[in-house]
Amino acid sequence: LKLGPPTPVEAMEVIDSEPLEATNGKKKKSKKKKPAAGTAADDEALAEAAEAAAAEAAEAPAAAENGDVLDEDDCAADGDAAKKKKKKKKKGKGTEGTEGTEGANEDDKEGAEEEEAREAPFAPPPRTEEDGEEEDGEEEQEGAVKKKKKRRGGGKKKAGTSGLDGIATHGVSDEDFAAWCQKLLEALANNSQSMSEQELKRPPKEFWGYQFSGSLRPAFVTKQMRMPEGILLPDYALQPDGSSACERIGVKEVPILQGQELETMRMACKLGREVLDIAARFMRPGVTGDEIDRVVYQACADRKIYPSPLNYFRFPKTVCVSANEVICHGIPDCRPIEEGDIANLDVSIFYQGFHSDLNETFFIGDCDEDSQRLVRTAYSSLLAASQLIRPGTFYRDLGNAINAEAGKNNCAVVTTYCGHGVGQLFHGPPKVPHYRKNKAVGIMKPGHVFTVEPMINLGGNGGDRTWPDNWTAVTRDGKRSAQFEHTFLVTETGVDVLTARVGTDPTCMPPYNPAMFQR
């Protein structure tokens, strides 16, 4: 079932730098020849005029004055003609009427646009033809017709096309995206469609008599899906208990990625970012966690990648959806997301032997001031930690920065869970605690790849408890919790944010902007 929007990787492959360089080189070569030809014509015309003037002056002195005047006018006319010829050559080689000028102007404009596109360091993926530039009209100027181009919508930037103002669209229109989602939900329909609203909201049997810390309640969880054939599986995918033999070995050294392994890891992170953007774009009031799970499933199937959470220690779904007081590991169920909720999407994928991991917390409609402060603090905590990542930094130092950021905003850090190494292992060394005075070992070196994912609770209580499903972690006092996560690479000069948003600088996280997380 091929329903997915084109990946940014596929879109980027269309761009070929060699033809651009060849075109630019040709233009530069032609520009050098044209002035030379124009200059030669000028010199030849002036020389001929001077010789003619000298001959006439010698033969007819009485008429020399008039002859000189006529010759100067002729020379001026010849010079003007040469200049016009030179000007036309610059506009278009071998011009024939206005067509040659139009073609030359179009080539110059396209070359300038291509050169500008190549110089842009963090440009979003190319837009589709629908969002591209279109011809708008023609204007006549100095005997040549110039075509003007402009973007649709008066040249205004489309909202949500980069990581600075919302979720990346990856070149897919809202109408096409909605149609894709509708088609996949129908194709992956499950037994929840035939159940009543009361049946869907009924909590599973293991929750009967359970005392909840907050207002959130679990709902019906549909059966686990299996990925289609032809997708590379991690070692735990088919294990009855979901355990990973590779992780049981107990690797202690932090792997150093370089060469082809590092390139594969980069690609895994790009694909993970794309899947998260797709899931976040679908999320809105009224959508259920089960529907988000199906969207993530199809997005992974289309890209022939495996969703890492699926069957990892028997986790039943492809993504973690954690709302309100859920700290992490929320199981997607049939509860609709409501206006005023905050919801975290945690996406991890497995591509050609490497895992990537990232998550973000989103505002669903209008949220209260405490939720705004909480999400801002969670993001700022990760930002503060990311600014310390460079060769020579102790892993334990990140916890001090995170704890300081949370404390000054009247929030608390969850100490039960920590960041971790990621790559060929879903969870490996190093361990990256998020609280102060931790005893993490190790120093950052170029080639280290790991996650930082601070979980921040409202108020001063960083405690947690686990629901009877043995996965969902919630706050002890029922207050809300928020989290952000990136996969980072230590470089020779600092850090690369491997799971950075489309259109942002990969060497640093952008400043906090609530519009990035508004749904």
Side-chain angles (χ1 to χ4, degrees), residues 1-11 125 167-172 176-177 180-190 221-239 242 244 264-283 287-321 329-332 344-360 422-427 451 485 487 498-499 502:
L1 179 64
K2 272 287 181 183
L3 304 175
T7 69
V9 177
E10 295 170 348
I167 298 300
T169 62
H170 296 286
V172 179
D176 289 343
F177 182 76
W180 175 78
C181 291
Q182 183 62 33
K183 191 173 181 180
L184 78 87
L185 291 176
E186 292 174 357
L188 299 175
N190 50 43
V221 178
T222 59
K223 292 183 179 180
Q224 185 183 76
M225 295 184 290
R226 293 297 178 99
M227 297 301 292
E229 296 182 359
I231 294 178
L232 182 65
L233 306 178
D235 61 353
Y236 56 81
L238 302 179
Q239 295 297 319
S244 171
T264 304
M265 185 67 198
R266 288 183 182 276
M267 184 63 68
C269 290
K270 288 181 180 179
L271 292 171
R273 161 53 64 184
E274 184 175 354
V275 172
L276 176 60
D277 287 346
I278 291 171
R281 188 178 180 185
F282 173 73
M283 189 167 58
V287 164
T288 68
D290 183 76
E291 290 172 331
I292 296 173
D293 174 66
R294 283 184 275 165
V295 168
V296 170
Y297 174 94
Q298 191 60 55
C300 290
D302 289 346
R303 289 151 185 80
K304 299 188 181 301
I305 55 180
Y306 186 89
S308 301
L310 187 61
N311 202 50
Y312 182 70
F313 288 99
R314 301 181 66 182
F315 189 82
K317 296 296 181 179
T318 64
V319 61
C320 297
V321 181
H329 303 158
I331 297 175
N344 178 275
L345 297 181
D346 194 340
V347 169
S348 308
I349 64 99
F350 182 71
Y351 167 75
Q352 294 187 6
F354 286 82
H355 298 270
S356 65
D357 198 0
L358 71 159
N359 74 59
E360 291 179 344
V422 64
Q424 291 178 317
L425 298 180
F426 190 5
H427 297 89
T451 71
E485 174 185 22
T487 297
L498 297 181
T499 49
V502 175

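Values below: every heavy atom of this structure, side chains too, minus hydrogens, waters and symmetry copies. Index from 1, following the sequence.
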**Q.** Test log, rule side chain to side chain contact (heavy atoms under 4.5 Å, CB included), inputs N359 and L276
**A.** CA-CA 8 Å; N359 74 59; L276 176 60; 5.8 Å; no

Are [X] and [Y] side-chain neighbours, meaning at least one heavy-atom pair lies under 4.5 Å?
X: Q298; Y: I278; result: no
X: R281; Y: H170; result: no
X: F354; Y: V422; result: no
X: L345; Y: V321; result: yes
X: R226; Y: L238; result: yes

Taking only residues two or more places apart in sequence or in another chain, which ones pass side chain to side chain donor-acceptor pair (under 3.5 Å) with [X]?
X: T222; answer: D290, K317
X: N311; answer: none
X: S356; answer: none
X: E229; answer: none

Under 3.5 Å, sequence neighbours excluded: what are the donor-acceptor pairs made by side chains of residues 346-353?
| residue | atom | partner | partner atom | Å |
| --- | --- | --- | --- | --- |
| S348 | OG | D357 | OD1 | 2.7 |

Q) For E291, which residues count as a side-chain contact (heavy atoms from CB on, under 4.5 Å) partner, sequence neighbours excluded? A)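 Partners of E291 by the side-chain contact (heavy atoms from CB on, under 4.5 Å) criterion, ordered by chain and then number, come out as L185, F282, V287, T288, R294.
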
Q: Run the numbers on L310 and M225 for side chain to side chain contact (heavy atoms under 4.5 Å, CB included), then give the verdict.
A: CA-CA 9 Å; L310 187 61; M225 295 184 290; 5.8 Å; no

To the nearest 0.5 Å, tell me how far [X] [atom1] sits from [Y] [atom2].
X: L498; Y: K270; atom1: CG; atom2: NZ; answer: 9.5 Å
X: H329; Y: N344; atom1: NE2; atom2: CG; answer: 10.0 Å
X: E274; Y: D302; atom1: CD; atom2: CG; answer: 9.5 Å
X: L184; Y: E186; atom1: CG; atom2: CD; answer: 9.0 Å

Taking every non-hydrogen atom, the tightest pair across [X] and [Y]:
X: P316; Y: Q224; answer: O-CG, 3.2 Å
X: P332; Y: F315; answer: CD-CZ, 4.3 Å
X: V295; Y: A279; answer: CG1-CA, 4.4 Å

Q.
The criterion is ring pair (Phe, Tyr, Trp, His ring centres under 6.0 Å); which residues satisfy it with Y297, sequence neighbours excluded?
A.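 Ring pair (Phe, Tyr, Trp, His ring centres under 6.0 Å) check on Y297 returns nothing, list empty.
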
Q: Just jot down the ring pair (Phe, Tyr, Trp, His ring centres under 6.0 Å) partners of Y312, sequence neighbours excluded, or say none.
A: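 Partners of Y312 by the ring pair (Phe, Tyr, Trp, His ring centres under 6.0 Å) criterion, ordered by chain and then number, come out as Y236, F426, H427.
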
Q. For E360, which residues count as a salt bridge (Lys or Arg N to Asp or Glu O under 4.0 Å) partner, sequence neighbours excluded?
A.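 Result, salt bridge (Lys or Arg N to Asp or Glu O under 4.0 Å) vs E360: R273, R501.
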
